[in-house]
There are 2 protein chains.
Amino acid sequence: MNASIKTPDLTRQKLLEAAFAEIHRNGFQAASLTHILADTGLTKGALYHHFPDKKALGLAVIEEVIRPQLAAMMFAPLADTQQPLAAMQALLKGKASEPDPWVVTLGCPLNNLMQEMSPVDEAFRLQLNSLFEAWVGVVTAALKRGLKSGEVNAAVKPGDTAFFIVSALEGCIGMSKNTQSVAAYRGCLGQLSHYLDTLKS
Amino acid sequence: MNASIKTPDLTRQKLLEAAFAEIHRNGFQAASLTHILADTGLTKGALYHHFPDKKALGLAVIEEVIRPQLAAMMFAPLADTQQPLAAMQALLKGKASEPDPWVVTLGCPLNNLMQEMSPVDEAFRLQLNSLFEAWVGVVTAALKRGLKSGEVNAAVKPGDTAFFIVSALEGCIGMSKNTQSVAAYRGCLGQLSHYLDTLKS
DNA sequence: CTTGACACATACCAACCGGTATGTATGATC
DNA sequence: GATCATACATACCGGTTGGTATGTGTCAAG
């Protein structure tokens with residue numbers, strides 16, 4: 001009856017991606033299961049076969065969609081780098097030169113969910129915090145290698161600095177989303193890059 | 001029949017404050033008018049007498065609750081200062097020494113609404129952006145005075161720097177909200193203060 | 001060939017949502 | 001003292017929500 005007969009993991013993936021898009025636009029609480037199902041062409045039977053409830057779907061989106069995205073975009077470029085500042089500035093420059101239109105209009109999916117769900121649901125907060133701390137951890141480790149290699153000023157405290165860098169980046173994205181101007185986005189990233197300069201030895 | 005017989009502006013104020021609290025906790029879209037009315041002890045008749053619809057209530061909260069709060073907390077300390085960096089660092093120190101528990105658990109009301117509503121509703125985005133740009137404007141003006149007074153490094157571009165400062169601050173608050181630790185909040189504010197040091201001449 | 005688990009589709013439900021229509025007590029105006 | 005707008009309260013409504021119960025076709029195992 002169906003075009004692609006019985007491909008459960010593909011169905012699950014379609015649900016995850018549609019849910020991600022809907023959540024990215026409207027947030028989790030305002031995300032409509034009906035809309036998600038309309039986008040996929042599936043029905044509630046499929047959804048509730050793969051996920052026990054809406055919350056589980058949201059948590060799965062964090063773990064199976066957002067986490068890999070973030071790992072590819074933000075974690076990978078910093079892995080094993082001995083010059084973390086240069087690597088991050090290259091990353092920022094890439095983001096500034098060809099800004100993802102989705103990011104400027106809809107913001108960072110991780111940050112969006114953190115702002116919305118952290119005060120509301122503890123399970124969400126813990127899952128999001130795990131991902132966030134992974135990010136901070138990656139930056140911290142990179143900064144430590146930079147300290148060893150001599151790129152980073154010896155006065156820099158890797159943990160606090162990494163937390164601030166990620167926070168400032170999320171802040172820049174968030175404010176630019178509200179302004180909805182790529183110019184503001186570029187300017188803010190430029191200032192962040194300028195801040196990274198002050199960490200050099 | 002009522003305790004305080006016919007006090008329309010007081011009633012309106014109670015609605016605004018209850019709406020602010022509900023929105024601060026759950027966001028605008030998830031904010032329930034029923035909850036707001038239950039908190040105030042009022043009914044829908046009162047609500048829809050003072051506000052045409054939910055959206056108008058939300059916009060009024062921004063203008064009549066959040067804007068004055070922000071003006072008192074963030075704008076006033078920077079008004080007419082010739083040493084903006086010192087003033088902002090004093091502000092941050094005050095926030096770090098006795099952090100508002102509501103801010104760490106629920107975040108900045110302005111930022112919460114920006115993240116949630118900017119992509120969803122244009123009227124909200126414009127109103128929020130107006131408030132946000134007022135904030136950036138205050139910081140920009142302060143930095144310009146600092147340039148004249150010699151406190152601020154001549155290489156500093158006031159507008160871009162102000163945008164970044166506000167963004168970084170909102171980022172710090174947002175990330176700390178997710179972490180729900182005052183220690184992280186303090187650390188992030190400390191790094192922001194450290195960044196402000198690099199702007200000195 | 002039968003059986004049974006899997007992978008969905010369909011139909012349905014109670015709860016809640018924002019919003020409205022109507023009723024009513026109060027206070028000022030003339 | 002009658003009139004009338006104001007300031008609410010009460011009752012109700014259609015739509016949407018997340019969730020469930022049941023039906024059905026497919027496929028693999030025995």
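Below, chains carry the letters A, B, ... as their sequence lines are ordered, and counting in each starts from 1.
- D:dG14 atom C1' lies 12 Å from atom NZ of B:K44, rounded to whole Å.
- In terms of phosphate contacts, B:H49 brings no side-chain nitrogen or oxygen within less than 4.0 Å of OP1 or OP2 of D:dC8.
- Side-chain atoms of A:S130 and A:R67 include a donor-acceptor pair closer than 3.5 Å.
- Looking at residues two or more places apart in sequence or on another chain, you find no salt bridge (Lys or Arg N to Asp or Glu O under 4.0 Å) involving A:E17.
- Computed from coordinates, the A:L47 CG to C:dC8 P distance equals 11 Å when rounded to whole Å.
- Distance, B:Q13 CD to D:dC8 P: 13 Å, rounded to whole Å.
- Across all strands, B:A31 comes closer than 4.0 Å only to sugar-phosphate atoms, never to a base (heavy-atom distances).
- Taking atom CG of residue A:L37 and atom P of nucleotide C:dC8, one finds them 12 Å apart after rounding to whole Å.
- For D:dG19, its base never sits under 3.5 Å from the side chain of A:K54 at any donor and acceptor pair.
- If you look at B:Y185 and A:F163, their ring centroids are not closer than 6.0 Å.
- In this structure, A:S32 reaches the D:dT17 phosphate: one of its side-chain N or O atoms is under 4.0 Å from OP1 or OP2.
- Atom CZ of A:F51 is separated from atom P of D:dG19 by 13 Å (rounded to the nearest Å).
- Phosphate contact (OP1/OP2 of C:dC8, side-chain N/O of A:H50, threshold under 4.0 Å): present.
- For D:dC8, one of the phosphate oxygens OP1 or OP2 lies less than 4.0 angstrom from a side-chain nitrogen or oxygen of B:T11.
- Checking side-chain atoms of B:T179 against main-chain N and O of B:S181 turns up no donor-acceptor pair under 3.5 Å.
- For C:dC17, the OP1/OP2 oxygens have a side-chain nitrogen or oxygen of B:T34 closer than 4.0 Å.
- In this structure, A:Q29 atom CD and D:dT17 atom C1' are separated by 13 Å, rounded to whole Å.
- Legend: side-chain hydrogen bond (donor to acceptor under 3.5 Å, both in side chains) pairs involving residues 101-123 of chain B, not counting sequence neighbours, sorted by first then second residue: A:K177-B:Q115, A:N178-B:S118, B:Q29-B:E116, B:K55-B:D121, B:N111-B:Q115, B:N112-B:K177, B:E122-B:R125.
- When the C1' atom of D:dC8 is taken as reference, atom OH of B:Y48 falls 15 Å away, rounded to whole Å.
- Between C:dC8, D:dT20, C:dC17, one nucleotide has an atom nearer to the side chain of A:L42 than all others, and that is C:dC8.
- We find that CG of B:L15 is positioned 14 Å from P of C:dG18, with the value rounded to whole Å.
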